[in-house]
Amino acid sequence: MARPDELTFAPLGGVGEIGMNLSIYGLGNRHQRSWLAVDLGVSFGDEEHLPGIDLIMPDIRFLEKERKNLVALVLTHAHEDHFGAIIDLWPKLKCPIYATQFSAALFEAKCASERNPPKIPVTVVKSGSRIDLGPFNVEFIPVAHSIPESHALAIHTSAGTVLHTGDWKIDPTPIIGKPTDERRLRELGDAGVLALIGDSTNAVREGRSPSETEVAKTITELMKAAKGRVAVTTFASNVARLRAVADAAKAVGREVVVVGRAMERVVQVARETGYLNGVQNFRGADLYGHFPPDKVVALCTGSQGEPRAALSRIANDDHPQVTLNKGDCVIFSSRTIPGNEKAVGAIINGLVTQGIEVITDRTHLVHVSGHPRRDELRDMISWVRPQLLIPVHGEALHLFEHAKLARAAGVPKTLICRDGDLVKLGPGDPGIIEQLPSGRLYKDGSILEEAKSRAVVERKKLAFAGCAFVAIAMTEKGELADDPEVDLVGIPEKNTAGEVIDEIVFDAVVSIVEGLPRARRRDPDATAESVRRAVRAVINEHWGKKPLCYVHVLTV
């Protein structure tokens, strides 16, 4: 008798971390499985630890190898941490992509803004519909989130049904889009759900996430009270928030000026897809200066402190069209993503120094999360009643707390996994059965690098301890033909005694070369290695750090 198909799940990104989401589901046996990929996102580089790295993406070696068995990539929604890696990685997979209308339109607009984007076809599916993808039947269930058309995916298979929640919350009064479809989720629970793969972002926060409608009220009140210009910064993709700002502006007789390319792109897509129907036309940044201070609102990118975004340039007073003055007001209608605190703090401090009032979610309800808090997680569990819960989309603490909550709520089994773990969901007892290749790729300029690549590893060292370049010309007899050239980059000019480090290194190079046995001096590689060691040692002695050191020996 043939063994039944095994249903498996593996996160290749987004577990044990927030961002870079990529999940895969497999159906079949150990020798032959069909694969379904869900989301393909990025996380963002940290200048402190990864200088020069803009984006971090999941390593997709495993999916490249399994390309012929990969039936599709399905998108839950169009946030960068869920679809930002497609342009770079899809050419390695070339699988069909399925998304609902807004996600597909935003992806198309994103491609259009690239220099030479690959042609990537996306099949548009209706919210609430079901599609057959190989042995998987995938159902798009509407959920509330901070971007239009977020969906949980019910993945129906011969081995059982999995609910992949994607990013979600319970918001009975979202400003745009449908609320989370409780009725359908309860129906799934009644029919039986093998596993719930669930968002853990806010698993440490008690209560419920407030509604977007509450934020809209606060923004309107703040705008009414404002005497001068108002700037609002938020995530460009949060169309409900853009609409709330527009409605507040209309109520108090202000024009909305859109500042920043990402914001312009989302506004265009939201209008095309009907999410800004009935909202007044927005103005371009070039018209900002034409309006009196109490008749304008600037809707800006840059809520995360991005140095090239609109708000950063405004705060530094180097934006060509938009300025703020003493008495004006900036509303941060966003939360600071962990890792961006310094950059955001610098902008806030810059604005406050100029006499500009800054309002954040610390004092006013100007932002709500798009993710479920603990009471919402309990609701989802009570509706779906899964046999197994696997927490995803969170760091270790979030995953642990979500699993603990699920056990207390009566879920029979919970399992915490990490990126690369292949989990058997059923039939039979769930468990980790294999390790798949996983890791990170770094977007370095226009090149994708592996985590252990020379550029990534050496740049960290360069950022920490600089570099010493030494050029030496030797005669065939092993004598110095000329003075060595020494160039120190990112290394202090003088030591604590006030001595010039360049001169100390120069003397050390001459001394080490002249002290070498003649036979060694005739070997350029041996000479270079002796000089390299000596230079690093002497700089360490005078500075306390060992730089990278490159020595070039030329025989003349």
Report all side-chain donor-acceptor pairs from residues 296-307 shorter than 3.5 Å, counting only partners two or more places apart or in another chain.
| unit_1 | atom_1 | unit_2 | atom_2 | d |
| --- | --- | --- | --- | --- |
| Thr301 | OG1 | Ala310 | N | 3.3 |
| Gln304 | OE1 | Ile337 | N | 2.8 |
| Gln304 | OE1 | Asn340 | ND2 | 3.1 |
| Gln304 | NE2 | Arg335 | O | 2.8 |
| Glu306 | OE1 | Gln304 | N | 3.1 |

Quick one: side chains of residues 92-102, donor-acceptor pairs under 3.5 Å with protein atoms, not counting sequence neighbours, listed by atom name and distance.
| unit_1 | atom_1 | unit_2 | atom_2 | d |
| --- | --- | --- | --- | --- |
| Lys94 | NZ | Pro91 | O | 3.3 |
| Thr100 | OG1 | Glu149 | OE1 | 2.8 |

Name the atoms and distances for all side-chain donor-acceptor pairs under 3.5 Å in residues 346-353, with sequence neighbours left out.
| unit_1 | atom_1 | unit_2 | atom_2 | d |
| --- | --- | --- | --- | --- |
| Asn349 | ND2 | Gly345 | O | 3.1 |
| Thr353 | OG1 | Asn349 | O | 2.7 |

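In summary, Arg184 and Glu187 engage in a salt bridge, as defined by a charged side-chain N under 4.0 Å from a carboxylate O. Here Glu376 does not pair with Arg373 in a salt bridge; the nearest charged N to carboxylate O distance is not below 4.0 Å. Ion pairing between Asp375 and Arg378 holds under the 4.0 Å rule for side-chain N and carboxylate O. Salt bridge status for Glu17 with Arg440: present, with a side-chain N to carboxylate O gap under 4.0 Å. Under the 4.0 Å criterion applied to side-chain N and carboxylate O atoms, Lys110 and Glu80 are assigned as salt-bridge partners.
Atom NE2 in His79 sits 9.5 Å away from atom OG in Ser103 (nearest 0.5 Å). Atoms CG and OG, from Asp419 and Ser438 in turn, are 5.5 Å apart once rounded to the nearest 0.5 Å.
Inspection of the Gln268 and Glu264 side chains reveals no N or O donor paired with an N or O acceptor under 3.5 Å.
Evaluated for a ring pair (Phe, Tyr, Trp, His ring centres under 6.0 Å) with His164, the options Tyr25, Phe136, Phe9 yield exactly one hit, Tyr25.
A cation-pi arrangement, defined by a distance under 6.0 Å to the six-membered ring centre and an angle within 45 degrees of its axis, is absent between Arg283 and Phe291.
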